[in-house]
Amino acid sequence: MSTRYNFKEIESKWRKIWEENPVNPHDTDKPKYYCLDMFPYPSGNGLHVGHWRGYVLSDVVSRYKILQGYEILHPMGWDAFGLPAENFAIKTGTHPAETTKKSIANIKRQVKEISAVYDWDREVNTTDPDYYKWTQWIFVQMYKKGLAYEKEMPLNWCPNCKCVLANEEATNGVCDRCGSPVTKKNLRQWMLGITKYAERLLNDLQDLDWPEKVKKMQTDWIGKSYGAEVDFAIKDTDKKITVYTTRPDTLYGATFMVLAPEHEIVPEITTAEQKDAVEKYVYAASTKSNVSRMTDKEKTGVFTGAYGINPLNGALVPIWVSDYVLADYGTGAIMCVPAHDDRDFEFAKKFGLPIIQVISKDGKEDEELTQAYTEPGIMINSGELNGMKSEDAKAKMPEYVEKQGFGKKTVNYKLRDWVFSRQRYWGEPIPLVHCEKCGIVPVPEEQLPVELPNVESYQPTETGESPLASIEEWVNTTCPCCGGPAKRETNTMPQWAGSSWYFLRYCDNHNDKELASKEALKKWMPVDLYVGGVEHAVLHLLYARFYTKFLYDIGAVDFEEPFKRLFNQGMICKKNEEDGKLYKMSKNKGNVVSPDETVEKYGCDSLRMYELFIGPPELDSEWDDSGIDGVFRYLNKIWKFVDENKDKTIAATSEIEQIRHKMIYEITNRLEALTMNTVVSGFMEFTNKLINAVKAAGGVDMETLETICILLAPFTPHIAEEMWQNIGHTESVFKQKWPEYDENKMKEDTVEIAVQINGKVKTTINIAADFDKDSAIAAAKEALGTKLTGTIVKEIYVPGRIVNIVAKN
RNA sequence: GCGGAUGUGGCGGAACUGGCAGACGCGCCGGACUUAGAAUCCGGUUCUUAGGAGUGCAGGUUCAAGUCCUGUCAUCCGCACCA
């Protein structure tokens with residue numbers, strides 16, 4: 001394709017000029033706008049055109065805000081700790097720092113091709129000791145507040161990564177990173193008490209301008225439920241079992257109990273006759289993989305031989321063990337009401353346990369329940385509760401149980417504390433020292449950062465020990481407290497540590513006294529628009545909110561929510577040659593399109609515009625190699641139009657003026673709504689209209705040419721800047737003001753409207769836009785002529801839209 | 001199983017609070033320019049027995065439904081024995 005406008009020359013020219021004279025000067029007294037991209041992991045594979053999508057979108061918004069008179073913070077950095085560099089080190093012996101440095105250099109070069117208005121002097125890198133000093137500092141503050149603690153417990157262990165995983169990283173029993181099935185391993189690990197923040201993390205979601213989907217995912221992950229804990233005494237012992245239930249209204253219907261196999265009371269209450277069977281079952285459950293425990297829905301279980309006593313009516317209920325009860329949710333023990341719970345019903349049927357109905361639709365007992373009745377209804381077989389609405393009983397029971405002294409009202413969360421230590425090399429060392437005399441001592445703040453030492457072997461171990469453990473001269477240190485011999489903590493932090501607060505560091509990235517100064521944070525935070533993929537809906541976005549709330553509590557920041565508005569861009573997919581199916585671009589699938597080549601062929605402006613044009617930005621889109629031709633042709637067209645008309649401008653005709661105002665109106669509104677695909681189609685549509693109007697008028701006015709340049713500037717900055725210069729300006733287009741529209745001037749004098757008979761379009765008429773109903777109907781009837789037959793029942797006129805005549809024959 | 005999103009020409013997709021369905025672009029067809037091709041420009045492009053039919057399917061509300069209501073199907077995503 002031959003080129004009409006020389007994008008190569010224009011783009012390199014302006015890139016250079018902007019580098020010397022940034023279009024977004026700082027330290028102004030303008031209002032602020034913080035527009036943030038989720039920073040990338042600098043992978044060796046570099047970027048593909050899918051990565052551009054979010055970056056272009058956020059840049060368009062940033063440049064638009066500049067034109068609207070804002071001072072912008074639009075930074076970029078590198079989330080550079082992580083496994084790929086470390087695995088590469090294991091294979092080749094190359095130090096991860098070296099690999100990371102190279103990858104960053106490459107990806108930075110690629111990111112610069114986007115020509116975004118990034119503040120490169122605010123770049124951060126999570127592996128830079130000046131950065132992770134503060135990652136460690138935050139950990140120390142958490143430790144001091146008792147929020148970071150050590151605990152031994154069965155943890156998700158990825159045998160492939162040889163590393164523990166947080167719950168959030170092991171959804172569906174599979175390692176988030178490598179897809180291996182996760183096993184459980186009993187390990188002593190560092191935890192962060194995120195559950196202390198469950199309520200705030202849940203409540204504060206309400207006011208965020210985030211996609212509902214993400215809010216819902218976080219809400220579900222936190223998993224709040226209301227209910228009661230009820231104590232069941234165990235027959236012939238002085239022991240009791242506390243169960244958690246969300247259905248205290250059904251307490252009279254409890255006919256058995258089930259304990260999780262891991263429940264500590266199981267061996268204590270199991271009778272001699274049942275001992276073998278129970279031990280066998282518990283052992284089998286412990287070796288069952290996480291995946292099958294989640295997916296095997298067929299109920300299994302074993303009777304312990306013991307009986308609990310229903311505190312309400314003294315009824316004896318057999319106590320069973322089954323792995324459908326989870327040890328780490330609620331109390332690890334449940335009361336079972338088979339009449340009103342699907343799972344309990346299934347269990348009761350399978351093992352022949354009694355079923356007592358305590359709720360029914362009409363207050364009468366059903367003949368026989370064929371399935372659990374889970375709807376609300378009227379209480380029956382429930383003593384003093386009989387006749388009450390089940391919802392009322394549900395609301396009343398927790399308090400009643402509490403008053404009677406055999407339980408209490410409670411709230412439960414699915415959210416677990418965050419397993420925070422990793423047994424790998426390429427991460428922030430946890431800044432703690434183990435002293436025989438003083439116990440665990442945090443490294444004093446003035447000694448931070450605890451830098452990562454060099455190791456010989458990056459190989460992780462089977463035992464759950466970090467490769468750092470083998471470096472004796474590093475491990476052996478002195479206790480900051482007593483000066484005696486001590487050992488360093490050898491675990492490192494998860495990759496999420498660095499990304500949980502990086503948006504704060506951008507505000508003041510050179511500060512060596514604080515993670516960021518109060519003034520800088522006050523100026524910039526919170527983030528006004530955060531753009532990134534939906535894959536971090538629970539992980540990064542939950543952790544970052546947690547960190548922010550913690551920093552708020554210790555007075556380090558004065559806001560509780562870091563990201564006011566969140567936008568999730570869709571992925572760019574491409575058909576795989578082999579199976580013809582759409583896949584997200586990836587090296588594995590061999591469907592990657594390189595932005596480097598695309599820029600070479602079409603230029604940055606064309607690629608930027610095509611990234612937006614490809615489809616609704618929040619949905620996945622299919623890359624079409626020839627689709628970019630359309631925007632490239634468009635840019636040539638607008639270039640030619642401006643070039644041909646710039647030297648012979650005339651006064652604006654009313655038609656051209658009307659097009660200009662309408663164009664400003666549409667582009668602005670669509671841009672505000674982030675419906676970027678329709679912005680691009682709007683540019684094309686209005687340009688076509690304009691070209692026709694200009695042909696008729698014999699020329700165009702200067703203001704219209706200027707408007708086009710400014711409107712295009714956020715989208716295709718180079719060509720816009722060049723055209724702006726070509727029409728006679730010496731100052732950057734980004735120093736201009738975003739144009740305003742005048743609604744009165746948008747209006748057309750005459751409009752074409754459709755004329756319908758009984759809702760079917762028969763013809764169209766051109767009438768004055770301000771015609772009243774009678775004139776419009778009259779004009780419509782005239783246009784219809786003999787087509788209109790029968791008796792007219794109704795006449796409808798929607799100004800500017802339609803005339804509909806309802807006639808009966 | 002629960003929750004959410006999506007469903008419109010050959011393709012990607014437009015259509016603001018119900019008001020001319022298919023904007024804009026790709027592709028394709030025809031024409032102009034050219035020795036020729038590429039590029040560019042101009043015109044056409046939902047289907048169709050030319051009366052109509054048509055926004056996954058079946059109903060409903062309305063003068064008027066892609067848009068609202070009821071039911072249903074398909075695809076994708078998230079959660080998934082959370083008591």
Side-chain angles (χ1 to χ4, degrees), chain A residues 1-4 171-173 211-214 216-217 219-221 223-225 227 243-248 250 254 257-258 260 293-299 322-326 328-337 340-344 346-347 412-416 534-535 537-538 582 610 613-616 618-631 633-634 636-637 640 666 669-670 673 675 677-688 752-764 792-807:
Chain A
M1 190 179 288
S2 86
T3 56
R4 204 46 101 87
T171 42
N172 299 322
E212 286 306 314
K213 177 183 172 167
V214 176
K216 180 82 173 33
M217 282 170 74
T219 303
D220 287 350
W221 188 262
K224 184 178 185 178
S225 66
V243 303
Y244 172 68
T245 178
T246 57
R247 295 295 306 276
T250 63
M257 298 170 78
V258 176
R293 184 149 170 188
M294 280 181 190
T295 49
D296 295 352
K297 299 272 158 97
E298 175 76 31
K299 300 273 177 296
S322 172
D323 66 2
Y324 83 88
V325 175
L326 306 173
D328 61 357
Y329 179 78
T331 60
I334 60 169
M335 67 173 206
C336 297
V337 185
H340 306 290
D341 181 281
D342 292 324
R343 297 150 303 185
D344 298 347
E346 191 193 329
F347 196 86
N412 236 300
Y413 300 92
K414 287 194 218 172
L415 184 70
R416 301 281 77 132
V534 75
E535 66 273 17
V538 179
L582 272 186
Y610 181 56
F613 191 49
I614 192 165
E618 71 280 7
L619 299 182
D620 292 352
S621 293
E622 184 185 348
W623 182 266
D624 176 0
D625 282 319
S626 55
I628 191 171
D629 287 334
V631 294
R633 284 179 197 139
Y634 170 74
N636 277 304
K637 191 189 241 182
K640 191 178 150 204
E666 289 293 339
N669 284 346
R670 296 175 190 189
T675 55
N677 53 326
T678 64
V679 174
V680 178
S681 68
F683 272 120
M684 293 170 170
E685 187 184 342
F686 284 106
T687 302
N688 290 343
E752 191 194 64
I753 67 169
V755 178
Q756 300 178 331
I757 299 175
N758 296 334
K760 307 250 187 235
V761 179
K762 295 296 174 189
T763 183
T764 59
I792 293 169
V793 182
K794 208 170 184 179
E795 291 164 338
I796 290 141
Y797 170 52
V798 184
R801 296 283 184 190
I802 211 157
V803 168
N804 186 16
I805 295 173
V806 186

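Residue numbering restarts at 1 for every chain, and letters A, B, ... go by the order of the sequence lines.
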[X] side chain, from C-beta outward: closest of [options]:
| X | options | value |
| --- | --- | --- |
| A:V761 | B:C20, B:A83, B:C24 | B:C20 |
| A:T678 | B:A14, B:A23, B:G25 | B:A14 |
| A:R633 | B:C26, B:G19, B:A15 | B:C26 |

Between protein and nucleotides 47-56 of chain B, what N or O pairs are separated by less than 3.5 Å?
none

Rounded interatomic separation in angstrom, taking [atom1] from [X] and [atom2] from [N]:
| X | N | atom1 | atom2 | answer |
| --- | --- | --- | --- | --- |
| A:D629 | B:U40 | CG | P | 8 Å |
| A:K224 | B:A83 | NZ | P | 13 Å |
| A:D344 | B:C81 | CG | P | 14 Å |

Item to complete: For B:A14, take OP1 and OP2 only and decide whether either is under 4.0 Å from a side-chain N or O of A:N677.
Response: yes
Item to complete: Using a cut-off of strictly less than 4.0 Å, decide whether A:S225 has a side-chain nitrogen or oxygen near OP1 or OP2 of B:A83.
Response: yes
Among all residues two or more places apart in sequence or in another chain, which pass the side-chain hydrogen bond (donor to acceptor under 3.5 Å, both in side chains) test with [X]?
| X | answer |
| --- | --- |
| A:N758 | none |
| A:K213 | none |
| A:S225 | A:Y244, A:Y329 |
| A:D620 | none |

Practice prompt. Identify whether any heavy atom of A:E752 sits under 4.0 Å from a base atom; if not, whether one sits that close to sugar-phosphate; answer base, sugar-phosphate or nothing.
Written response: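 If one applies the 4.0 Å heavy-atom cut-off, A:E752 turns out to touch a base.
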Item to complete: Please list every stem that involves RNA chain B, where a stem is a run of 3 or more consecutive Watson-Crick or G-U wobble pairs with both pairing distances under 3.5 Å.
Response: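 Runs of three or more consecutive pairs: B:1-7 with B:73-79, B:10-12 with B:24-26, B:27-32 with B:40-45, B:56-60 with B:68-72.
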Can you name the atoms? Protein N/O to nucleotides 61-63 of chain B N/O, anything below 3.5 Å, with the distance.
from	atom 1	to	atom 2	distance (Å)
B:C63	OP1	A:K794	NZ	3.4
B:C63	O2'	A:N804	ND2	3.2
B:C63	O2	A:N804	ND2	2.7

Worksheet item: Between A:W623 and A:Y610, how do the two ring planes meet: parallel, tilted or perpendicular, split at 30° and 60°?
Response: perpendicular
Quick one: list whatever passes salt bridge (charged side-chain N to carboxylate O under 4.0 Å, His left out) with [X], sequence neighbours left out.
| X | answer |
| --- | --- |
| A:E685 | A:K689 |
| A:K216 | A:D220 |
| A:K299 | A:E346 |

Worksheet item: If you find the nucleotide of RNA chain B closest to A:G615 and the one closest to A:Y244, which residue's nucleotide is nearer the 5' end?
Response: A:G615
Nucleotide N/O to protein N/O under 3.5 Å, stretch nucleotides 75-78 of chain B:
from	atom 1	to	atom 2	distance (Å)
B:C77	O2'	A:K213	NZ	3.1

Discussion item. Going by ring-ring contact (aromatic ring centres under 6.0 Å, His included), name the residues that satisfy it together with A:W221, two or more places apart in sequence or in a different chain.
Written reply: none
